[in-house]
Amino acid sequence: MSEAQAESFGHLGLPERLAEHVSALGYEAPTPIQAAAVPAMLGGADLLCQAATGTGKTAAFALPMIAAIAEGDLRGDTPVGLVLAPTRELCVQVSEAVHRYGRPFGIRTLPVYGGQPIGRQIFALKRGADIVVATPGRLLDLVRHNAVHLDAVRTLVLDEADRMLDIGFLPDLQRILSYLPKQRQ
Ligand code: AMP
């Protein structure tokens, strides 16, 4: 992508309404990670991205996920997008950002993490979620409780994957992957 093309969200291939919404949030131009990742992710590629904290990586993965839900006929009873994050703080932060970006489309985003009563999360999942943002251990607990089904997930994001591996989440991640469809991004 040329620099001129990357200068506006409208040129990244996002639905017009989503690009307009992002501009209305005050984002004048995509950051470099957004300019690189959004078109590739919209094209269906599997990506490994590295960008420093505060460079806009949440929107880089959230906007294509929202675009897929907004444009497609993906919404159902179970989540189509799954974001895994190492900590409760990151879960909440990502979930709030996804909610903000997806607001015009009514995207239902739900954070689930350890340290909060699981019953409340089970109840919230029953009401339906399009994108779940989870810590790995709590997500597996919820799968065991039959509270969440991952067989409709189209896109999986491992946010701060390096940190999750450092913490020792690899076995949990492998188990979660085994519950996802083979065809997924
Ligand atoms: P993140 O790296 O995703 O945590 O984002 C860091 C901060 O940058 C957040 O406050 C975002 O709201 C903001 N942000 C993300 N993308 C852009 C953008 N294209 N233009 C301006 N601010 C942005």
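All ligand and atom numbering here is 1-based and tracks the order in the structure.
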Only distances under 3.5 Å count here; give the side-chain donor-acceptor pairs of residues 159-170 to other protein atoms, sequence neighbours excluded, each with its distance to 0.1 Å.
residue: Asp159; atom: OD1; partner: Lys57; partner atom: NZ; Å: 3.0
residue: Glu160; atom: OE1; partner: Arg163; partner atom: NH1; Å: 2.3

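Side-chain heavy-atom separations under 4.5 angstrom define the hydrophobic clusters, and the remaining members of the one that includes Tyr113 are Val92.
Nearest to atom 11 (C) of ligand 1 by heavy-atom distance, out of Phe61, Phe9, Tyr27, is Tyr27.
With a heavy-atom cut-off of 4.0 Å, Val22 does not touch ligand 1 at all. Contacts between Ala51 and ligand 1, counted as non-hydrogen atom pairs separated by less than 4.0 Å, are absent for every part of the residue.
Residue Ala29 approaches ligand 1 through these ligand atoms, each under 4.0 Å from one of its heavy atoms: 18 (C), 19 (N), 20 (N). The Thr55 neighbourhood of ligand 1 comprises atoms 2 (O), with distances under 4.0 Å to a heavy atom of that residue. Counting the atoms of ligand 1 from 1 in the order shown, those under 4.0 Å from a heavy atom of Gly54 are 2 (O), 6 (C). Each of the atoms 1 (P), 3 (O), 4 (O) of ligand 1 lies under 4.0 Å from some heavy atom of Thr58.
Checked by atom type, the side-chain pair Arg154/Gln185 shows no donor-acceptor distance below 3.5 Å.
Residues Leu180 and Ile131 fall into different hydrophobic clusters, defined by Ile, Leu, Val, Met, Phe, Trp and Tyr side chains chained together at heavy-atom separations under 4.5 Å. Under the 4.5 Å side-chain heavy-atom criterion for Ile, Leu, Val, Met, Phe, Trp and Tyr, Tyr101 and Leu82 are members of distinct hydrophobic clusters.
Note that atom 6 (C) of ligand 1 has protein non-hydrogen atoms nearby, at separations under 4.0 angstrom. When distances from atom 17 (C) of ligand 1 to the protein are checked, a heavy atom turns up under 4.0 Å.
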